[in-house]
Enquirer: 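Once you've had a glance at the structure underneath, I'll fire off some questions.
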There are 2 protein chains.
Amino acid sequence: MQPKTKYSRQRLAILNELKSRCDHPTADVIYAEVRKTIPNISLGTVYRNLGFLAQNGDILKIPATAGSEHFDGNPAPHYHFKCNICGNVSDVALDLMPNLTEMAGNLVDGVVTGHSIMFEGKCGLCAETYKK
Amino acid sequence: MQPKTKYSRQRLAILNELKSRCDHPTADVIYAEVRKTIPNISLGTVYRNLGFLAQNGDILKIPATAGSEHFDGNPAPHYHFKCNICGNVSDVALDLMPNLTEMAGNLVDGVVTGHSIMFEGKCGLCAETYKK
DNA sequence: TGATATAATGATAATGATAACTATTTTCGG
DNA sequence: CCGAAAATAGTTATCATTATCATTATATCA
């Protein structure tokens, strides 16, 4: 039997913080934010819970080429856009294409259960700032 | 003026190793392999050159959710499949969809220059091994 | 071909993100 | 309110990757 989850103040604060914002922060950003209400929360607790919540399907982990991982409070699959300058990740309101998963399933040896799309480029803010 | 590149034995060996294989190894796999011909090559040199070659457009860096980065000797854009069990990354022979980039460009604030798709699931080998 | 400027290396130390450890504290069902 | 089990804080450890720097290799050019 799997251990029964106990929802601690810290876990709920982390989940709420992530749910209440529409960007996709890294663990240390969450840490800084949650510390405003729970000053002595440990960074380890933040990582532990982000991992737990992701495994639990409450949030998403977003893979990154450089630096640290980003987290998404919206567990429903959707696509992302990453700025190559500042590293920020945002949502892309593009309809899901489940048929892609299906098509890939016919092409690879194994079982394909899903896919993710990461768009890249320069975000509006950075395009403004570094408009060379 | 940018510094003029000097093609060392080490850099060429790393590039060749990556070009000669069709999987997508991590830096330490490359290191182990190149060490067979250049035994005293430094791990730092491997990382330095993988970064250099990626920036130069000779190879690709493949983002990963967990663990370490993977590298691809084929710099032409294409899609990938990652096994959630063993972590291996392989190519997916799906036609490119440049129109996705275009569509995303109309939806985000900023400039979208490209996209990548990562399929996930269980590779043939792991499906065989862990067929619970 | 040999001198020279400079890019690249090897070895190692440093960094940064994340995971593991452990004694103590919280949580929650009875 | 009790007690077992889960979670925490604080800390140390681990792992991938970068930076540093004295030395070596590369390419250009006289």
Enquirer: Taking atom CD1 of A:I38 and atom OG1 of A:T45, what is their separation to the nearest 0.5 Å?
Expert: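 Interatomic distance, A:I38 CD1 to A:T45 OG1, rounded to 0.5 Å: 9.5 Å.
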Enquirer: For the helix from C:dT1-D:dA30 to C:dG30-D:dC1, measure the angle between the helix axis at one end and the axis at the other, each built from five pairs, rounding to 10°.
Expert: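 Helix axis angle between the two ends: 40°.
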Enquirer: Should the heavy atoms of other residues, nucleotides or ligands under 6.0 Å from CG of B:D95 be counted, would the total exceed 12?
Expert: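 At most 12 heavy atoms, drawn from other residues, nucleotides or ligands, come within 6.0 Å of this atom.
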Enquirer: Among B:L60, B:V29, B:L50, B:T26, which residue satisfies the side chain to side chain contact (heavy atoms under 4.5 Å, CB included) criterion with B:F71?
Expert: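 With B:F71 as partner, side chain to side chain contact (heavy atoms under 4.5 Å, CB included) holds for just one option, B:L50.
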Enquirer: Provide the start and end nucleotides, 5' to 3', of the part of DNA chain D that has atoms under 4.0 Å from heavy atoms of chain B.
Expert: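 Contacts span D:dA16 to D:dA27, reading 5' to 3'.
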Enquirer: Would you please indicate yes or no on a ring centroid separation below 6.0 angstrom for A:Y79 and A:H115?
Expert: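 Ring centroids of A:H115 and A:Y79 are less than 6.0 Å from each other.
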Enquirer: With a 4.5 Å limit on heavy-atom distance, are the side chains of A:P75 and A:I59 in contact?
Expert: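 Contact flag for A:P75/A:I59 side chains = no.
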Enquirer: Please, which pairs that meet ring pair (Phe, Tyr, Trp, His ring centres under 6.0 Å) have at least one residue in residues 26-61 of chain A, sequence neighbours excluded?
Expert: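 Sorted pair list comes back empty.
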Enquirer: How many angstroms lie between atom CG of B:L125 and atom SG of B:C86, to the nearest 0.5 angstrom?
Expert: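 One finds 7.0 Å between CG of B:L125 and SG of B:C86.
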Enquirer: Could you give all pairs that pass the salt bridge (charged side-chain N to carboxylate O under 4.0 Å, His left out) test and reach residues 24-37 of chain B, with sequence neighbours left out?
Expert: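 Applying salt bridge (charged side-chain N to carboxylate O under 4.0 Å, His left out) to every pair that reaches into residues 24-37 of chain B, excluding sequence neighbours, yields B:E33-B:K36.
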Enquirer: If the sugar-phosphate is the primed atoms plus P, OP1 and OP2 and the base is the rest, what is the B/S/- string for nucleotides 6-25 of chain C, using protein heavy atoms under 4.0 Å?
Expert: BSSBBB-----SB-------
Enquirer: Please state whether the rings of A:H24 and A:H78 are parallel, tilted or perpendicular, taking 30° and 60° as the class boundaries.
Expert: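 Taking A:H78 first and then A:H24, their aromatic rings sit tilted (interplane angle of 30° to 60°).
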Enquirer: Got a sec, which residues hit salt bridge (charged side-chain N to carboxylate O under 4.0 Å, His left out) with A:E120, two or more places apart in sequence or on another chain?
Expert: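 Per chain and number, A:E120 pairs via salt bridge (charged side-chain N to carboxylate O under 4.0 Å, His left out) with no residue.
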